Amino acid sequence: MRKQNTIFFLPYDDEQELLEKTDQVNDEPVDWQLITEAGEFKKDLDSKNKRVLPVDDVDSLMVFSEINFNARMLRFLNKNNIPAHLFNYYGYYSGSYYPREYLLSGFLLVNQVDHYKQHKKRMRIALQLVRGAASNMLRNLKYYDGRAGDLSESIQKVETILDKVPLAEDIQELMGMEGNIRQAYYQAFPTILGDKYDFDKRVKQPPDNAVNALISFGNSMVYTTCLTEIYRTQLSPLVSYLHEPGDRRYSLALDLAEIFKPLLADRVIFTCLNQRRIQASDFDEDVNFCHLTKEGRKTFAKVFEEKLNTTIKHRELDRKVSYRRLIRMECYKLVKHLTGAEAYEPFKAWW
């Protein structure tokens, strides 16, 4: 619902009230995917529970709960250039409402496609993306080496594979090397996190333990954050270089997310678990399946937002910039490379 430049949210006190207002039958399984398509909400607009979000303060919406909205809200989001990212009941990314692009450049689009179609140009960008991701993974490993335990073996493995990355002849080989780097990187997680949680290897679709559940959820949030920042530039999110462009996904966001997963998702995971801000009670587990509870997702999202707003002193700009701004700047560097203004060099953390 909307009024002028304000979004109104009318929260429901509990799940039972939501079911009643959306005509869900109590003795039947709740279809969490379709509940937002149910009947009209009847709450009074003057309710004391009404929460207001001034649109000028909203960069994007991440929806983790079940909501009911109409076409007027979508038009409102489109008018104010606000993307909305939807997550289902289990916290898995479902999709995005991507408003009409308001920063268009045919010249940039032609160059973006040209760099994809020409093998050498594509490999040049993809190689830099892998280098940036590996460098930031190494930064995490070196930070915890000695603090959490001996991580020299993982560091050596990552550095050895990284040295071979320039020898990759095609995207498939490069993606294989990137996967091997991540495998070596994840092998250090048990040492970094201690013996509080079991983690042997990366498992997804579905995650089988608490750490894998956090990685999947955190990576989804990095992906949607990158997608929002791409939307604020003239880049097309459909044309990518490391990941193969395909149907039903914004593959350029996947490319940029590789660089920032170690700095955002992984560091937030380490913070949440090592500081016990997220504990075993924040997970629901079943046979070979684990996901965050509502409270767990809320805690993680809060820490993630705090991380995005954290500022660091940028070496080249000689001023403080936030982690969110670093993603936007990465987009701008890619634009400069595609238009021939300046060769692309990935962001590498130095702290």
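Computed from a predicted structure; not experimentally measured.
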Classify the side-chain pair [X]/[Y] by whether it contains a donor and acceptor separated by less than 3.5 Å.
X: Tyr185; Y: Asn140; answer: yes
X: Ser240; Y: Arg249; answer: no
X: Asp114; Y: Asn111; answer: no
X: Lys157; Y: Gln187; answer: yes
X: Gln128; Y: Tyr241; answer: no

Checklist outcome for this item: Of Thr225, Thr224, Thr228, the one forming a side-chain hydrogen bond (donor to acceptor under 3.5 Å, both in side chains) with His85 is Thr228
Measure the acute angle between the ring planes of [X] and [Y], then classify it against the limits of 30° and 60° as parallel, tilted or perpendicular.
X: Phe87; Y: Tyr93; answer: perpendicular
X: Phe199; Y: Phe189; answer: tilted
X: Phe260; Y: Phe347; answer: parallel

Item to check | Main-chain N/O of Ala343 paired with Arg124 side-chain donor or acceptor, under 3.5 Å | outcome: no
Checklist entry - Is the ring centre of Phe217 less than 6.0 Å from the ring centre of Tyr92? => result no
Next on the checklist: Are Tyr223 and Tyr250, when compared by the centres of their aromatic rings, separated by less than 6.0 Å?
Outcome noted: no
Checklist entry - After noting the C-alpha distance and the side-chain angles of Tyr144 and Phe270, does the key distance pass the ring-ring contact (aromatic ring centres under 6.0 Å, His included) rule? => result CA-CA 10 Å; Tyr144 283 100; Phe270 300 151; 5.2 Å; yes
Checklist entry - So, is the end of the Arg100 side chain (NZ or CZ) under 6.0 Å from the ring centre of Tyr102 and within 45° of the ring's axis? => result no
Checklist outcome for this item: What one should report as the nearest heavy-atom pair of Lys204 and Ser216 is CB-OG, 4.1 Å
Checklist entry - Which heavy atom of Glu244 sits nearest a heavy atom of Ser251, and at what distance? => result O-CB, 4.1 Å
